[in-house]
There are 2 protein chains.
Amino acid sequence: MSSARATSARDLTRNQHLVLGTLEKAESPLSAYSILDQLREEGLRAPLQVYRALDKLLEMGLAHRLESLNAFVACAHPHCHKSGLIAFAICESCGQVSEFSDDVVRQRLDDWAAREGFVTKRTTMEIRGACRACASAA
Amino acid sequence: MSSARATSARDLTRNQHLVLGTLEKAESPLSAYSILDQLREEGLRAPLQVYRALDKLLEMGLAHRLESLNAFVACAHPHCHKSGLIAFAICESCGQVSEFSDDVVRQRLDDWAAREGFVTKRTTMEIRGACRACASAA
DNA sequence: GGCATTATGTTATGACATTACAAGTTTGAG
DNA sequence: CTCAAACTTGTAATGTCATAACATAATGCC
């Protein structure tokens, strides 16, 4: 069932499947520990079980880490792996996260890196604020 | 000497001054705890003393937090507060951090936010990789 | 089978950050 | 001046996030 080199959602280990499922059901980012809490009845007991699953999911692009929250979300577009640069808009009021990408931004950062001789491995971009609904409610 | 409403580097409390000085002397980002360690002889004893100072320094724009490292740096351009969006390029090999800003990127993100009705409070942008020196050495 | 690789489980520990409380200092209104 | 409000500081305890180290089992390959 599960291979040693899973590369798609259909080929996940049990723990990876459980963790991804939890993220997908959630409406906001989840910390590793809250994922763990939700999976105790499934037999998970230690943080490392969650962190290991998350590592693989991040690697496969099925989940993302939000650095400014120390939390994780399922990828909103798990099918199209098009973008090497994903931006997140995080509503600090309701917790919702929007995922988007912008080729112009990516290009500008690539240009900067090229000028500086910087070899980019990974870019994180997180906008914190209030989504439309929460901003108009306030 | 220190007022209740410090707004510039010349008007810092003792702890703020010590913390900022430590960051300025450092060649790489420092965690709050390593700042604390360096300031034990100056009488600092608890993490909170450092975190409180850092909060103020961040507020004043004299220091920045690197979310992907859980660490802090002194602002490289403490004089010109021009940019509302600062990007960081972090070399994972030598630890050096370059601070830059790009008006086109800022504009694109502002446009996105305007379209979505998202009210931006704070944006973090961090590029991880290898600086020119380390990339060519590798 | 025998070996390498990968996944899993468990305990303990390390690293980062905040809560809650107590006490001293500065500021300014009256 | 004097009091009270606002702010800063110190300290201990705790909470939250993440990994190291070790043991075991499953899997793929020759």
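Quick caveat, the model's predicted, so the values are computed rather than measured. Just so it is clear: chains get the letters A, B, ... in the order the sequence lines come, proteins before strands, and each one is counted from 1.
- Between Q49(A) atom CD and dC22(D) atom P the separation is 19 Å, expressed in whole Å.
- In the model, Q107(A) has a side-chain atom that pairs as donor or acceptor with a side-chain atom of D111(A) under 3.5 Å.
- For T13(A) and dT8(C), the shortest distance from a side-chain N or O to OP1 or OP2 is below 4.0 Å.
- Atom OH in Y51(B) sits roughly 17 Å away from atom P in dG15(D) (whole-Å rounding).
- Distance, E42(A) CD to dT8(C) P: 14 Å, rounded to whole Å.
- Rounding to whole angstrom units, CG of residue D55(B) and P of dT9(D) are separated by 12 Å.
- Mapping R65(A) and L48(B) onto DNA chain D by nearest heavy atom places L48(B) at the nucleotide closer to the 5' end.
- Rounding to whole angstrom units, CG of residue L54(A) and C1' of dA18(D) are separated by 11 Å.
- Taking atom CG of N70(A) as the reference point, atom C1' of dT19(D) lies 14 Å away to the nearest angstrom.
- In this structure, I90(A) CD1 and T120(B) OG1 are separated by 11.5 Å, a value rounded to the nearest 0.5 Å.
- Remark: R45(B) is in phosphate contact with dT11(D), judged by side-chain N or O atoms under 4.0 Å from OP1 or OP2.
- dT8(D) atom C1' lies 9 Å from atom NZ of K56(B), rounded to whole Å.
- Between G43(A) and L69(B), the residue anchored closer to the 5' end of DNA chain C is G43(A), taking for each the nucleotide with the nearest heavy atom.
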Query - Candidate pair H64(A) and F72(A), rule ring-ring contact (aromatic ring centres under 6.0 Å, His included), full reasoning - result: CA-CA 6 Å; H64(A) 302 295; F72(A) 304 84; over 10 Å; no

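- Between N15(B) and the phosphate of dG10(D), there is a side-chain N or O to OP1/OP2 separation shorter than 4.0 Å.
- Checked by atom type and distance alone, the side chain of E116(A) never pairs as donor or acceptor with a backbone atom of C131(B) at under 3.5 Å.
- One atom, CG of D37(B), and another, P of dA15(C), lie 10 Å apart when rounded to the nearest Å.
- Under the 30°/60° scheme for interplanar angles, the aromatic rings of Y51(B) and Y33(B) are found to stand perpendicular.
- Here R52(A) lies in heavy-atom contact (under 4.0 Å) with a base.
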